[in-house]
Protein chains: 2
Amino acid sequence: MLKPTIKDIAKALNLSTSTVSRALRDSYEISSGTKQKILEYAQAVNYTPNPIALSLRENKSHSICVIVPQIANAFFSEVINGIDETAYRRGYHVVIFQTHEQYEREIRDLNSGLARRADGVVISLSGTTTDFDHFRQLQAEQVPIVFFDRVPPFDNCHKVVADNFAGAYEGTRYCCPRAKNGLLTLPALLFCLSPENGWKGIKPASRTSGRLWKRGLSGFALFDTAETLQTIEEIIHTEHPDSFFLSSERLALYSLKGIKKNQHLLPPDLEIIGFSNNPYNGLLDLPFISIQQPAFEMGKQAADLLIDAIESRQKQTSFKKIVLKPTILAANA
Amino acid sequence: MLKPTIKDIAKALNLSTSTVSRALRDSYEISSGTKQKILEYAQAVNYTPNPIALSLRENKSHSICVIVPQIANAFFSEVINGIDETAYRRGYHVVIFQTHEQYEREIRDLNSGLARRADGVVISLSGTTTDFDHFRQLQAEQVPIVFFDRVPPFDNCHKVVADNFAGAYEGTRYCCPRAKNGLLTLPALLFCLSPENGWKGIKPASRTSGRLWKRGLSGFALFDTAETLQTIEEIIHTEHPDSFFLSSERLALYSLKGIKKNQHLLPPDLEIIGFSNNPYNGLLDLPFISIQQPAFEMGKQAADLLIDAIESRQKQTSFKKIVLKPTILAANA
DNA sequence: TTTATTTACGCAATCGTTCCCGGAGGCAGT
DNA sequence: ACTGCCTCCGGGAACGATTGCGTAAATAAA
């Protein structure tokens with residue numbers, strides 16, 4: 001049997017749909033006798049309101065659109081977990097989209113999420129997004145939107161980020177004192193970590209210790225796993241670094257593989273530091289000091305911020321930026 | 001400005017909504033002149049059909065409901081990735097729910113997913129689900145549903161699983177020949193791996209090598225991370241095993257932490273084997289042989305199976321069971 | 001008894017779209 | 001000229017729910 005509708009109930013009880021609807025919403029206009037009859041019958045046939053009909057009427061879907069570069073990633077999946085936690089608690093559904101680091105898919109995901117009348121968007125920018133007109137557009141249309149982790153370079157929007165400056169600073173301070181031949185970084189994602197914060201986070205620390213800094217390759221080639229591996233191997237062979245700074249989760253994994261494979265070429269007191277939320281970090285065979293972003297908390301706060309924005313009917317004028325502290329996890333801890 | 005509707009276009013061009021609708025669907029009943037005018041105008045105002053209205057009319061949402069125990073898990077997030085891949089390709093949206101291993105939430109997730117008129121469900125059972133009436137109910141209501149990995153013990157449903165028998169068999173064969181004091185397993189999830197397969201997978205291997213097998217604790221306490229850690233430490237202190245079989249991703253992580261912490265109590269040629277999809281497995285400081293389930297492929301196939309079922313209008317009478325081969329990843333490979 | 005007020009419900013529009021009818025006008029065949 | 005048949009388009013119901021408005025009956029106030 002198909003899902004019963006209000007019409008079915010009305011017909012069965014010889015009432016009008018308006019009466020049934022009002023009874024179900026416990027309106028004062030309906031006598032308690034009628035109310036009870038309707039409630040009982042609805043219970044009996046297991047009536048549930050059709051949210052699609054409601055969405056159509058109210059132009060609201062009670063769902064939020066979550067757009068991330070990739071789901072299968074320790075950081076993003078934990079953020080999604082946090083978003084889900086809050087959304088579930090506050091009665092929203094979570095619809096997921098992946099950009100696979102592609103600007104074009106970001107646009108398409110955004111369009112298709114909003115075509116479905118998502119009430120708002122939580123997003124972490126794709127690695128190839130350098131143009132932000134599509135977000136300007138959404139802002140003009142008053143679509144509630146919250147950015148997390150990889151955020152756009154302008155201020156009039158809600159943001160939830162980790163304090164990557166502090167993370168990188170503390171992390172490199174931890175690492176540098178023992179670094180001898182320089183610190184090498186693969187800054188593929190640093191522009192996302194925010195250009196002003198990522199490098200600032202590293203630079204002061206490096207000046208403190210007075211070490212040589214050298215950039216590795218930059219750019220998006222490093223999103224490709226094979227290329228990451230190849231790049232790190234090249235660097236190892238030509239530069240013989242004794243320390244590494246790995247600026248993102250995805251980068252970390254394949255860099256570590258490359259380092260492990262060529263470990264015989266590297267000094268025994270090798271230092272590696274990087275952003276990573278992988279839960280296995282404490283169990284690695286490599287001296288990997290990870291800067292762990294508070295992913296779950298970021299997700300929770302981003303969702304709360306978004307739902308607050310959705311539910312406050314008034315036009316957004318002020319914007320929040322929430323900054324959370326990362327934690328440093330020493331190798332083999 | 002709000003999204004333009006068919007009605008807006010009709011009004012602007014002095015036509016009826018029927019004509020506009022037909023023109024947009026390229027109906028033969030509309031003259032090419034009119035058609036072109038409508039198409040051009042639609043393009044100009046950036047018209048996109050309202051999928052909610054369509055859903056209401058067709059009683060179809062073009063979205064699939066995905067229910068997993070947890071998102072932030074290397075295995076499940078990769079499965080979701082696979083589901084998303086297929087769903088995106090075939091024009092469906094993915095709505096995610098987590099049970100957190102709770103039967104009650106499984107019921108609620110199922111209800112709320114279907115209340116939103118999801119066209120079908122892809123699900124991996126919660127660890128505390130022992131009763132399957134809710135699925136029987138859905139089957140009676142002809143809701144398309146595909147189970148993966150943790151599947152119910154009856155046959156008349158679609159399933160996508162890894163060949164855990166082969167995985168465990170191969171894995172233990174790999175491991176056992178060198179095991180001396182017996183193999184110890186934490187079978188918390190083995191009932192999910194399917195009672196007949198999980199243990200069968202281990203037993204033949206153990207008989208082959210003639211070793212002693214001993215069960216660790218069973219039950220759901222092991223879903224709790226702190227308790228997993230405590231349990232594994234107890235086992236280490238009392239049993240002094242020289243090998244471990246860890247039957248799930250979540251179990252693996254905390255067991256490994258316990259093993260690492262107490263490594264000094266264990267023999268140097270320790271053997272550990274278990275199901276795990278963590279990408280860092282090859283980089284661990286422990287001799288962990290992981291049985292990797294083809295998570296992405298499982299997700300893809302599950303989604304294809306589901307969408308096929310959704311789109312074949314006829315009542316399902318035969319059911320598919322897809323079995324995929326796991327791969328064994330040697331330690332430090 | 002008449003009038004005013006409340007109680008308890010029904011009617012119909014609305015959201016955006018599709019699609020079954022029906023119908024006007026043009027053209028050819030008889 | 002009459003019938004038949006296309007071509008091209010509009011009217012209106014339907015999907016499921018909510019809600020402003022109207023109104024009958026019941027009750028209260030005069």
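Within every chain, numbering begins at 1; the chains are lettered A, B, ... in the order of the sequence lines, protein sequences first and strands thereafter.
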Task: Residue among A:Thr99, A:Thr128, A:Asn111 satisfying side chain to side chain contact (heavy atoms under 4.5 Å, CB included) with A:Glu106 - done: A:Thr99
Open item on the list: For C:dC15 and B:Thr5 - does any side-chain N or O of the residue sit under 4.0 Å from the phosphate oxygens OP1/OP2?
Closed with: no
- [ ] Nearest whole angstrom, please: distance from the P of C:dG16 to the CD1 of B:Ile9.
- [x] 12 Å
Open item on the list: Is it true that A:Asn81 and B:Gln70 share a donor-acceptor pair across their side chains at a distance under 3.5 Å?
Closed with: no
Task: Residue B:Asn50, side-chain heavy atoms: nucleotide from C:dC9, D:dC9, C:dT17 that is nearest - done: C:dT17
TODO: Calculate the interatomic distance between B:Glu29 atom CD and C:dT18 atom C1'; express it in whole Å.
DONE: 12 Å
- [ ] With a 4.0 Å heavy-atom cut-off, tell me which residues in residues 13-21 of chain B come close to DNA chain D, sorted by residue number.
- [x] B:Asn14, B:Leu15, B:Ser16, B:Ser18, B:Thr19
Open item on the list: If I take atom OG1 from residue B:Thr17 and atom NZ from residue B:Lys11, how far apart are they, to the nearest 0.5 angstrom?
Closed with: 10.5 Å
- [ ] Grab the NZ-P distance between A:Lys60 and C:dG16 for me, whole Å please.
- [x] 16 Å
- [ ] Indicate, with a heavy-atom threshold strictly under 4.0 Å, whether A:Ser55 touches base, sugar-phosphate, or nothing.
- [x] nothing
- [ ] Give a yes/no verdict on a cation-pi contact between B:Arg108 and A:Tyr88, requiring under 6.0 Å between NZ or CZ and the six-membered ring centre and an angle within 45° of the axis.
- [x] no
Task: B:Leu54 or B:Arg22, whichever maps to the more 5' nucleotide of DNA chain C - done: B:Leu54
Open item on the list: Using whole Å, what does the distance between atom P of nucleotide D:dA17 and atom CD1 of A:Ile38 come to?
Closed with: 13 Å
Task: Between D:dG10 (C1') and B:Ile6 (CD1): distance, integer Å - done: 14 Å
Open item on the list: Looking at C:dA8, I'd like to know if its phosphate oxygens (OP1 or OP2) sit under 4.0 Å from a side-chain N or O belonging to A:Lys35.
Closed with: no
- [ ] Return no unless some side-chain N or O of B:Tyr28 is found under 4.0 Å from OP1 or OP2 of D:dC6.
- [x] no
Task: Sugar-phosphate, base or nothing in reach of A:Leu56, heavy atoms under 4.0 Å - done: base
Task: side-chain N/O B:Arg57 vs C:dG16 OP1/OP2, d < 4.0 Å - done: no
Task: Sidechain-backbone polar pair: A:His158 side chain, A:Lys320 backbone, donor-acceptor under 3.5 Å - done: yes
Open item on the list: If the threshold is 4.0 Å, N to carboxylate O, is there a salt bridge linking A:Asp308 and A:Arg90?
Closed with: yes
Open item on the list: Distance check needed: D:dC9 P versus B:Gln36 CD, whole Å only.
Closed with: 13 Å
Open item on the list: Whole angstroms only, please: what is the NE2-P distance between B:His62 and C:dT17?
Closed with: 15 Å
Open item on the list: Taking only side-chain N and O atoms of B:Lys7, does any of them lie within less than 4.0 angstrom of OP1 or OP2 on C:dC15?
Closed with: yes
- [ ] Using atom OH of A:Tyr47 as one end and atom C1' of D:dT18 as the other, report the distance to the nearest whole Å.
- [x] 10 Å
TODO: Could you give me the CA-CA distance, side-chain angles and deciding distance for A:Phe154 and A:Phe135, then say whether ring pair (Phe, Tyr, Trp, His ring centres under 6.0 Å) is met?
DONE: CA-CA 11 Å; A:Phe154 45 82; A:Phe135 295 115; 7.6 Å; no
